[in-house]
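To start, the structure under review is shown below, and the notes come after it.
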Amino acid sequence: MNRLRQQVVCFWLQLKILLFSPFEGFLAVVFPLMFATAALLVYQVNGDPAAMLYAGIGAAAMGIWTSQTVSATTLVQRERRAGTLELVVAAPTPFSLVLLPITFAMATIGLYSVVATILWDRWLFDIALHVANWPLFVLSILMATVTIALFGFLLSVTAVRYRTSWALGAALEYPGWLLCGFVVPLDLLPAVLRPLSWALAPTWAVEGMRAAAAGESPWSDLAICGAVGLVYAALAAWLGVRLITAARRDATLALT
Amino acid sequence: MTSARIFFIGGLMSYRALFGWMNPWIFVPSLLVSPVCQILLFAYIGRSAGVGTDEFYVIGNALNYAAIPCMFAMTFTIGGERFGQTLGLVLATPARRIPLFLGRSMPVIANGWFVAMFGVVVGSLLLDVDIPASAWPLMALVVAVGSLASTGLGLVMGAINLVYRDGATMGNVLFLVLLIFTGTNVALDDLPDWMAAVGRCLPLTHAIEATRMLADGATWGAVRGLVGTELVIGLVYLAVGLGAIRLFERLSRTGATLDRI
């Protein structure tokens with residue numbers, strides 16, 4: 001019960017902090033929205049409605065990815081800068097359980113971005129989302145949100161001793177949009193990159209969204225998406241213990 | 001002589017001290033990897049949509065990304081001094097403002113030029129874009145003019161940063177404006193008229209168009225007008241930036257907001 005309370009309180013507190021941050025709140029919505037706009041402007045030149053719908057569905061989910069890349073990689077750095085990292089690490093609550101609700105709060109900002117992009121697509125590009133199965137479409141978006149949050153969890157743990165982690169996060173933005181097939185069919189990418197796409201959970205969630213929109217079954221895609229997300233969580237939990245223990249042992253937590 | 005020293009030595013010291021971009025852990029991911037990834041993203045979007053050629057996206061996005069170092073560097077010239085608590089000292093010196101701030105812009109222009117050229121070269125290699133060897137010298141010149149114009153906009157942002165503290169958000173928003181309005185990924189003729197009109201007042205628009213024409217075999221005479229317009233736009237932004245620095249410096253002294261972070 002205490003654990004659940006800690007998760008909920010931490011999630012809510014962090015969500016409020018993010019919502020008041022121009023960089024992590026406002027920009028996390030506007031940045032992918034404008035890139036989605038740029039992508040849709042390209043698709044609009046030929047005006048193919050099917051291509052526009054294809055891009056519109058994927059563009060909607062771009063913001064969830066953005067909500068994690070820079071924010072999650074800089075999560076530990078922000079605690080370090082605020083002088084709270086040592087306190088958080090020394091607390092009896094496992095470090096992973098502190099990071100997890102923060103990344104979920106970030107992903108919730110991404111969820112807001114999904115709604116904003118769908119409305120933006122509708123008003124600006126006149127793209128009406130023809131979705132055959134709305135419940136499964138929404139479930140696919142939620143799966144994308146949860147698994148990208150778990151990816152952010154993995155990122156935040158991995159970057160614990162990387163002083164300039166924001167640069168890594170910023171560099172992950174475009175590759176993620178490309179490799180997950182948000183606005184480009186994966187078949188167009190070189191074959192050598194496909195395994196990378198398959199290892200990214202959002203790839204499967206976006207496939208699930210498109211399948212649900214087309215009236216096909218998204219369950220197999222969502223099952224793979226969930227499995228990949230669980231691998232992220234397990235890896236992050238394992239790495240979290242080892243990296244934090246090493247940082248405490250070597251007295252490098254502060255990176256001073 | 002003092003102004004020349006402030007211009008060259010002060011500019012170089014400020015660049016190295018404030019941005020830490022000599023650190024490869026920042027420079028490589030944010031200024032070498034990211035522009036190439038942006039080029040690839042839009043080149044594949046173009047292929048998927050059946051719009052434009054790879055060369056179109058390589059040049060557009062490589063030049064567009066020059067805006068990142070140019071605008072952010074100039075913004076953080078002010079913000080970084082504030083963070084280091086040296087802004088008051090800098091502005092309290094009797095040094096003339098023009099060499100002080102223009103000196104800081106010189107390494108920034110060179111950096112923006114390098115980032116854009118790196119994007120064009122690597123993007124061309126990755127996507128097998130064939131640009132004639134004879135076009136490269138003039139393309140390099142046009143890219144330098146585009147970097148200068150972007151730095152002019154960056155100077156305006158730096159001035160605003162005297163009274164508005166969130167330079168990172170402002171820089172990203174302006175980068176997005178440039179991405180959409182300057183014909184980076186959609187030719188101005190294919191944009192709505194009002195967007196094309198806005199784009200013609202922004203840095204990079206004319207440089208991107210001129211660079212594309214050069215890559216397609218155009219002569220200097222054909223792009224001279226575009227390059228001249230880009231240069232004028234850049235100089236206007238530089239002048240506005242210097243004027244705004246003077247104005248906002250006075251306002252921040254009056255309101256005692258100089259060191260507010």
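So you know, we letter chains A, B, ... as the sequences are listed, proteins then strands, and number each from 1.
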Can you tell me which of B:I180, B:V177, B:V33 forms the most heavy-atom pairs within a distance under 4.5 Å of chain A?
B:I180

Do side-chain atoms of B:N172 reach the backbone of A:L27 as a donor and acceptor pair under 3.5 angstrom?
no

Restricting to ring pair (Phe, Tyr, Trp, His ring centres under 6.0 Å), what partner residues turn up for A:F26, sequence neighbours left out?
none

Near B:D128 CG, under 6.0 Å, is it more than 12 heavy atoms from other residues, nucleotides or ligands?
no

Atom group of B:I45 that falls short of 4.5 Å from chain A, counting heavy atoms:
both

Heavy-atom proximity to chain A below 4.5 Å, by part of B:F42
side chain

Within residues 179-213 of chain A, the residues sitting under 4.5 Å from chain B by heavy atom, in sequence order, are A:V183, A:V184, A:P185, A:L188, A:L189, A:P190

Tell me the residues of residues 35-45 of chain A whose non-hydrogen atoms fall below 4.5 Å from those of chain B, in number order.
A:F35, A:T37, A:A38, A:A39, A:L41, A:V42, A:Y43, A:V45

Does any heavy atom of chain A fall under 4.5 Å from the side chain of B:F181, the backbone, both, or neither of them?
neither

Inter-residue atom distance A:W166.CH2 - B:S30.OG, 0.5 Å rounding:
4.5 Å

Where on B:D190 is there a heavy atom nearer than 4.5 Å to chain A: the side chain, the backbone, both, or neither?
side chain

Are there more than 12 heavy atoms of other residues, nucleotides or ligands under 6.0 Å from atom CZ of A:R242?
yes

Where is the tightest heavy-atom contact between A:A171 and B:P29, given as atom of each residue plus distance?
CB-O, 3.6 Å

Cut-off 4.5 Å, heavy atoms of chain A, and the answer for B:M195 is side chain

Does any backbone or side-chain atom of B:L191 lie under 4.5 Å from a heavy atom of chain A? Answer side chain, backbone, both or neither.
side chain

Please list, in residue-number order, every residue in residues 110-131 of chain A that has a heavy atom less than 4.5 Å from any heavy atom of chain B; write 'none' if there are none.
none

In this structure, CG of B:L41 is separated from OH of A:Y174 (nearest 0.5 Å) by 8.0 Å

Of all heavy-atom pairs between B:S34 and A:A170, which one has the smallest distance, and what is that distance?
OG-O, 3.8 Å

Chain B contact via A:N46 - side chain, backbone, both or neither, heavy atoms under 4.5 Å:
both

